[in-house]
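Since we're looking at a predicted model, the values are computed, not measured.
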Amino acid sequence: FRDTRIMIKEALDNVTVDDDEKEGVIFELIAVHNFSYNAVAKEIGMTYSQVRYVYNQVSARVVDYLKKQGISSLEELL
C-alpha cells in the first residue's frame, strides 16, 4: 500500500495545478479514503457537483499519467 501511495502522490504532483491543492485533496479523499462526494463537498466547502467534476477531471489526468508509466488503471494500484 505504501508503494501505491507513493505512485499516486507522484501522479498527483505531475497532473494537479500547483496553486489548487484542493484537486489533490479531493482525489485522495475519494479514491484512497473512500469518502463520498457529499462528504468531501461538506468538508471542503464545495458543492457535490463541483467535487464530482474536479474528481473526474483529476482522475482522468492521473489515469493518463499512470498509463504513460505502464499502469493501465487505478484499480491496479488500489
Side-chain angles (χ1 to χ4, degrees):
F1 190 72
R2 184 171 185 267
D3 291 339
T4 299
R5 290 188 50 83
I6 291 169
M7 292 186 78
I8 290 173
K9 171 81 170 106
E10 178 184 318
L12 284 172
D13 288 346
N14 283 286
V15 304
T16 55
V17 179
D18 290 334
D19 61 343
D20 188 4
E21 71 179 51
K22 282 187 179 181
E23 286 186 343
V25 171
I26 290 169
F27 181 84
E28 186 168 335
L29 288 174
I30 294 170
V32 178
H33 299 289
N34 296 316
F35 278 47
S36 68
Y37 294 134
N38 282 326
V40 174
K42 189 175 186 179
E43 185 69 30
I44 65 174
M46 295 174 72
T47 67
Y48 168 90
S49 297
Q50 290 171 320
V51 169
R52 187 181 68 199
Y53 176 80
V54 170
Y55 176 75
N56 288 332
Q57 295 295 308
V58 173
S59 62
R61 293 193 312 256
V62 167
V63 167
D64 186 52
Y65 176 84
L66 292 173
K67 282 182 182 178
K68 291 176 184 173
Q69 305 303 312
I71 299 164
S72 60
S73 71
L74 282 176
E75 288 76 21
E76 287 184 33
L77 291 177
L78 303 174

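Between Val25 and Glu43 the shortest side-chain heavy-atom distance does not fall below 4.5 Å. You'll find the side chain of Val58 stays beyond 4.5 Å of the side chain of Ile26, heavy atoms only. Counting heavy atoms from C-beta outward, Asn38 and Lys42 have side chains that stay 4.5 Å or more apart. For the pair Val54 and Lys22, the minimum side-chain heavy-atom distance is 4.5 Å or more. Residues Tyr55 and Leu29 are not in side-chain contact: their nearest non-hydrogen atoms beyond the backbone lie 4.5 Å or more apart.
Residues meeting the side chain to side chain contact (heavy atoms under 4.5 Å, CB included) test with Val15, sequence neighbours left out: Arg61, Val62, Tyr65. Partners of Gln57 under the side chain to side chain donor-acceptor pair (under 3.5 Å) rule, at least two apart in sequence or in another chain, do not exist in this structure. Not a single side chain to side chain donor-acceptor pair (under 3.5 Å) links Tyr37 to another residue, sequence neighbours left out.
For the atom pair NZ (Lys9) and CG (Asn14), the distance works out to 10.0 Å, reported to the nearest 0.5 Å.
Although no hydrogens or angles enter the test, the distance criterion places no donor-acceptor pair under 3.5 Å between the side chain of Asp64 and the main chain of Ala60.
Shown here for Ala41 and Val51, the closest heavy-atom pair between the two residues is CA-CG2, 3.6 Å.
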